[in-house]
Amino acid sequence: MDAALDMDAVRDDILLSTLPNIVFDGWSLQALRDGAQMAGYDTATMHRAFPGGVPELVEHFGDWTDRRMLAELDKHPLDEMRVGEKIALAIRTHFEVLEPHMEAKRRLLAYLAMPQNFGMGLRMLYRTVDAMWFAAGDTATDFNHYTKRATLAAVLSSATFYWLDDRSEGHAETWAFVDRRLGDVMSMGKAMSAMGRAGRLLSHLPSPARFARQIRQRAGNAPVDTASAHMAENI
């Protein structure tokens with residue numbers, strides 16, 4: 001095993017040992033130091049693993065969550081599922097991976113809400129929804145690539161807050177919430193598609209402005225009937 005893979009394993013070890021400390025110390029350098037010590041690594045190794053300190057630890061948590069989610073999704077017959085079912089499963093799997101670390105996730109949202117960390121939060125969210133669409137087999141390279149991810153990011157963000165406060169058995173209310181939101185997105189997508197088809201149909205119809213212009217031109221060139229002119233004068 002090469003040094004890079006060894007260091008990846010070290011990062012995972014330190015992360016998993018740090019997560020329980022975050023409940024008490026938040027996403028802090030103290031939590032990271034204690035986590036490294038609990039994992040059996042000295043301070044020098046900790047700095048090698050996370051030279052960027054806590055921000056790098058946070059991003060590694062997002063990377064670890066995405067890798068675990070994809071590994072779990074590989075256990076399912078995704079080729080036999082519809083796209084909507086794959087996305088719903090990806091969201092559920094994402095939360096199931098985070099289940100043992102719910103409080104760390106809650107603290108993470110507060111950490112990412114700080115102005116200096118806002119950009120990091122957006123990058124992490126994009127990577128997660130991109131991984132979900134990748135698992136669902138999305139190959140779009142046009143504008144749809146971004147609209148799909150933006151839409152899913154909105155669903156995942158709202159579902160995360162719902163999940164953190166969900167006390168239902170087995171998070172049944174969260175899964176129902178996700179299904180409703182995805183259903184709304186699908187309905188909106190179908191409506192937009194129908195509007196697009198209607199727009200293409202209308203583009204083949206005569207232009208009302210051009211039709212009216214032709215009527216005016218013909219009226220101007222036609223001889224004026226005497227009776228009609230007399231009626232017009234008395235209107």
Between [X] and [Y], is there a shared hydrophobic cluster once you connect ILVMFWY residues whose side-chain heavy atoms come closer than 4.5 Å?
| X | Y | result |
| --- | --- | --- |
| F161 | V155 | yes |
| L19 | M38 | no |
| L70 | M132 | yes |
| F177 | L152 | no |
| W64 | L109 | yes |

Within 6.0 Å of CD in Q37, more than 12 heavy atoms from elsewhere: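 Check fails, neighbour count at 12 or below.
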Please report the interatomic distance [atom1]([X]) to [atom2]([Y]), rounded to the nearest 0.5 Å.
| X | Y | atom1 | atom2 | result |
| --- | --- | --- | --- | --- |
| M81 | H76 | CE | NE2 | 7.5 Å |
| L73 | L89 | CG | CG | 5.0 Å |
| W133 | T128 | CH2 | OG1 | 15.0 Å |
| R180 | L182 | CZ | CG | 11.0 Å |
| L125 | R149 | CG | CZ | 12.0 Å |
| M69 | F95 | CE | CZ | 11.0 Å |

Criterion side-chain contact (heavy atoms from CB on, under 4.5 Å) on T65 and K105, from CA distance to verdict: CA-CA 11 Å; T65 303; K105 178 65 175 181; over 6 Å; no
State whether K148 and D138 are salt-bridged, where the test is any N-O pair (Lys NZ or Arg NE/NH1/NH2 against Asp/Glu carboxylate O) under 4.0 Å.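 Yes.
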Can we say D63 and R67 salt-bridge, meaning some charged N sits less than 4.0 Å from an Asp/Glu carboxylate O?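 R67 and D63: salt-bridged.
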[X]: side-chain contact (heavy atoms from CB on, under 4.5 Å) partners, not counting sequence neighbours:
| X | value |
| --- | --- |
| A49 | M7, V10, R11, I14 |
| L122 | F118 |
| A31 | T18, N21, I22, D25, S28 |

Ignoring hydrogens and angles, state whether a donor on the side chain of H60 or D12 is under 3.5 Å from an acceptor on the partner side chain.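 Yes, because at least one side-chain N or O of H60 sits under 3.5 Å from a partner of the opposite role on D12.
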Show the nearest heavy-atom pair for residues I87 and A136, with the distance to one decimal.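 Of all heavy-atom pairs spanning I87 and A136, the closest is CD1-CB, 3.8 Å.
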Mind checking what makes ring pair (Phe, Tyr, Trp, His ring centres under 6.0 Å) contact with Y41, not counting sequence neighbours?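 So Y41 forms no ring pair (Phe, Tyr, Trp, His ring centres under 6.0 Å) with any residue.
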Which pairs count as salt bridge (charged side-chain N to carboxylate O under 4.0 Å, His left out) when at least one residue sits in residues 158-178, sequence neighbours excluded?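 Output for this query lists R106-D165.
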Please, which pairs that meet side-chain hydrogen bond (donor to acceptor under 3.5 Å, both in side chains) have at least one residue in residues 113-125, sequence neighbours excluded?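 Output for this query lists E59-R123.
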Run the side-chain contact (heavy atoms from CB on, under 4.5 Å) test on L98 and F61 for me, step by step, so that the C-alpha distance in whole Å, both residues' side-chain angles and the decisive distance to 0.1 Å come before the verdict. CA-CA 10 Å; L98 288 171; F61 179 48; 3.6 Å; yes
I want to know whether W163 and H94 have ring centres closer than 6.0 Å.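 Judged by ring-centre distance (under 6.0 Å), W163 and H94 do not meet the cut-off.
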